[in-house]
Amino acid sequence: MSEITYVRGDATAPSVKGVKVIAHVCNDIGGWGKGFVLALSRRWPAPEKAYRAWHRDRAANDFGLGAVQFVQVEPYVWVANMVGQRGIRTGSKGVPVRYEAIDAALEKLAAKATELGASVHMPRIGCGLAGGKWSRVEPLIGERLVGQGIAVTVYDHGEGRG
């Protein structure tokens, strides 16, 4: 089994050849405006627009924890909006991250990446504003993606984070 590749850089600008899916975690309340999504929106307006419409029409679609929306932003680049956090604030129920939702989303991501013959690129999903621990997320990525033979690159932006 291969490993996750860790690099310093911008996850919105993967420099490998072939089809790429940029994966990130969204909340389940329709909020888009902090963290990694800002970098996505600076590069392409489509993922935010699609996410907001997906949330707005949630009564008629699959929007919810564990769901994934795939948005094609360039001929060989897709963005995976993965709903993996409940709300946006740490409260009585703990941090917003939901590991089981990330796991379910990664399973859908693996199927899409396999279908496209794509590599997957992401920041440390669920570990920024969602408050998750990489030690819990990394094994899910290993099992769902790397274990299926999908090349995964994780990007650390700027200074190193543990």
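Computed from heavy atoms alone, side chains included, the values below leave out hydrogens, waters and symmetry copies. We number each residue from 1, following the sequence as shown.
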What is the minimum heavy-atom distance between [X] and [Y], and which atoms define it?
X	Y	value
G126	A130	O-CB, 3.5 Å
A67	A105	O-CB, 4.4 Å
G66	K108	O-NZ, 2.8 Å
T12	W44	O-CH2, 3.4 Å
A23	I125	O-CG2, 3.8 Å
G131	V97	C-CG1, 4.3 Å

Could you check whether any side-chain heavy atom of [X] comes within less than 4.5 Å of a side-chain heavy atom of [Y], counting everything from C-beta outward?
X	Y	value
D10	H157	yes
T90	P96	yes
P47	V73	yes

Counting distance only, does the side-chain N/O of Q85 pair as donor-acceptor with the main-chain N or O of G87 below 3.5 Å? yes
For G18, does its backbone N or O pair with a side-chain atom of K20 as donor and acceptor, under 3.5 Å? yes
So how far is it from [X] [atom1] to [Y] [atom2], rounded to the nearest 0.5 Å?
X	Y	atom1	atom2	answer
K49	S41	NZ	OG	12.0 Å
T114	L145	OG1	CG	8.5 Å
M82	Q69	CE	CD	12.5 Å
K93	R98	NZ	CZ	8.5 Å
D28	F63	CG	CZ	6.0 Å
N81	L40	CG	CG	7.5 Å

Taking side-chain contact (heavy atoms from CB on, under 4.5 Å) as the criterion, tell me which of V120, T153, V77 meets it with I22. V77
Derivation of the side chain to side chain contact (heavy atoms under 4.5 Å, CB included) call for W54 and D62: CA-CA 8 Å; W54 187 32; D62 67 344; 2.9 Å; yes
After noting the C-alpha distance and the side-chain angles of V79 and Y51, does the key distance pass the side chain to side chain contact (heavy atoms under 4.5 Å, CB included) rule? CA-CA 11 Å; V79 170; Y51 169 78; over 6 Å; no
When you group the ILVMFWY residues by side-chain heavy-atom contacts below 4.5 Å and let the links chain together, are [Y] and [X] in the same group?
X	Y	result
L116	L109	yes
V83	Y99	no
V95	L140	yes
V21	Y76	yes
F70	W32	no

Flag yes if more than 12 heavy atoms outside R89 fall under 6.0 Å of its CZ atom; otherwise flag no. no
So Y155 and H121, side chain to side chain contact (heavy atoms under 4.5 Å, CB included) or not? Walk me through it. CA-CA 7 Å; Y155 295 75; H121 304 266; 2.8 Å; yes
So salt bridge (charged side-chain N to carboxylate O under 4.0 Å, His left out) across residues 144-154, not counting sequence neighbours, yields D103-R144, E107-R144
Do H24 and W78 have ring centroids that are under 6.0 Å from one another? no
Excluding sequence neighbours, so at least two apart, what forms side chain to side chain contact (heavy atoms under 4.5 Å, CB included) with V154? I4, Y6, M122, R124, W134, V152
Apply the test side chain to side chain contact (heavy atoms under 4.5 Å, CB included) to residues F36 and L129: give CA-CA distance (whole Å), side-chain angles for both, the deciding distance (0.1 Å), then the verdict. CA-CA 9 Å; F36 182 69; L129 298 169; over 6 Å; no
